[in-house]
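One structure is given below, encoded as structure tokens.
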Number of protein chains: 2
Amino acid sequence: MSRFEHHIFVCENVRPPDSPRGCCSAKGSPQVRDRFKEEIEKRGLKGLVRANMAGCLDQCANGVTVVVYPEQIWYGKVTVADVPEILDALAAGRIVERLRIPDERLTGKAKGSQRGVA
Amino acid sequence: MSRFEHHIFVCENVRPPDSPRGCCSAKGSPQVRDRFKEEIEKRGLKGLVRANMAGCLDQCANGVTVVVYPEQIWYGKVTVADVPEILDALAAGRIVERLRIPDERLTGKAKGSQRGVA
């Protein structure tokens, strides 16, 4: 029950230009997703790694926001130029630390991924 | 590095009405997502569980498609009526088997989630 090895979600939320929170789309997220798709294809990873658009990931201050599952790696301020390095790191089981959003800056209440919600 | 406990992605891809593959949106995925959001709010799970729209999850034949991370649970043919049961199961660490898309029907090449792509 996996599919895919790595599933990359790129926030492509759009907010009005005058929104104080800003939005990932205005910061170039569609281009980031396109670059992921291009690089995945080039590396022969189609079907193994998938880049998807996502609605608001609720980390607006850190946009362009990308989350990689099942690893639960959150990346912020991602640019087109960062894409190859992110894929290199995934292949090597590493994290690109300079792009990682620290836990304390992530919105959401979860402290650990293994806790239940019951 | 978690956020959220459970991150639910609902495919909201739109294809032309005459597309042979069909699409999740035409099958009611925006309503499914709305129902998730409503139920998450009602259960006091906001910030712990998040429902997001997603672009095409590439499981069109199984739409409405939903994937839950980090658990990597793929659900197909999800309706608005199924939402409470899916959240109940997540809270209990269970899977709603009747909705689960069997591995052999999932597109994508990955056989196990722990394999690297290097």
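None of these values were measured; they are calculated from a predicted model. Each chain gets a letter, A, B and so on, in the order the sequences are listed, and its residues count up from 1.
Using a 4.5 Å heavy-atom cutoff, the side chains of Arg3(B) and Trp74(A) are in contact.
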When you look at Met53(B) and Met53(A), which way does the side-chain contact (heavy atoms from CB on, under 4.5 Å) test go after all the steps?
CA-CA 8 Å; Met53(B) 73 97 84; Met53(A) 72 97 84; 3.6 Å; yes
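Interface remark: Gln59(B) contributes side-chain atoms only to the contact with chain A (heavy atom separation under 4.5 Å). When heavy atoms are compared at a cutoff of 4.5 Å, Asp58(A) approaches chain B by way of both its backbone and its side chain. When heavy atoms are compared at a cutoff of 4.5 Å, Cys56(B) approaches chain A by way of both its backbone and its side chain.
Top candidate by heavy-atom pairs under 4.5 Å with chain B, chosen from Thr107(A), Leu57(A), Val10(A), Asn13(A), is Leu57(A).
Nearest approach of Pro70(B) to Tyr69(A), heavy atoms of both residues: CA-CD2, 4.2 Å.
With hydrogens and angles ignored, the 3.5 Å screen pairs a side-chain donor or acceptor of Asn52(B) with a backbone N or O of Gly55(A).
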